[in-house]
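Take a look at the structure below.
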Amino acid sequence: LDGAHKTLACIDPAKGRVIWNARLETRGTFYGSPSAADSKLYCLSRSGEVVVVWAGDRFQVLNRIDMQEPTPGAGLAIATAFGAVNSFIN
């Protein structure tokens with residue numbers, strides 16, 4: 001994840017080749033590493049938007065969650081404490 005340029009890449013570590021490289025369309029830049037669970041990557045932008053991307057061999061945005069607005073049943077909670085951002089996936 002290149003947070004300043006809002007891009008995410010999938011790389012084959014054995015061959016060192018880029019499988020895909022895509023731009024994440026969002027309001028804010030990204031800070032920190034994505035969280036991963038259940039074959040999904042959760043990328044949290046500084047503007048409070050979570051972009052959920054399938055962790056596979058093709059780029060696919062599965063969902064966008066605006067954490068500035070209440071989202072019942074989203075299954076993802078973001079908490080901040082002492083300057084750190086923590087995510088909890090239900």
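Heads up: numbering here begins at 1 and tracks the sequence.
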(Q) Can you tell me how far apart CG (Asp66) and CZ (Arg27) are? Round to the nearest 0.5 Å. (A) 4.5 Å
Closest heavy-atom pair and its distance - [X], [Y]:
X: Ser45; Y: Gly28; result: CB-O, 3.8 Å
X: Gly16; Y: Ile11; result: C-CG2, 4.4 Å
X: Asn21; Y: Ala9; result: OD1-CB, 3.9 Å

Considering only residues two or more places apart or on different chains, which pairs with a residue in [range] satisfy salt bridge (Lys or Arg N to Asp or Glu O under 4.0 Å)?
range: residues 1-21; answer: none
range: residues 34-53; answer: Asp38-Lys40, Glu49-Arg64
range: residues 28-37; answer: none

Can you hop from [X] to [Y] via hydrophobic side chains spaced under 4.5 Å?
X: Leu1; Y: Val51; value: yes
X: Leu24; Y: Val52; value: no
X: Leu8; Y: Trp54; value: no
X: Phe30; Y: Leu62; value: no

Q | Sequence-distant partners of Ala55, side-chain contact (heavy atoms from CB on, under 4.5 Å), two or more places apart | A | Leu41
Q.
Checking Trp20 now: which residues fulfil ring-ring contact (aromatic ring centres under 6.0 Å, His included) with it, not counting sequence neighbours?
A. Phe59
Q. With sequence neighbours left out, what residues match Thr7 under side chain to side chain donor-acceptor pair (under 3.5 Å)?
A. none
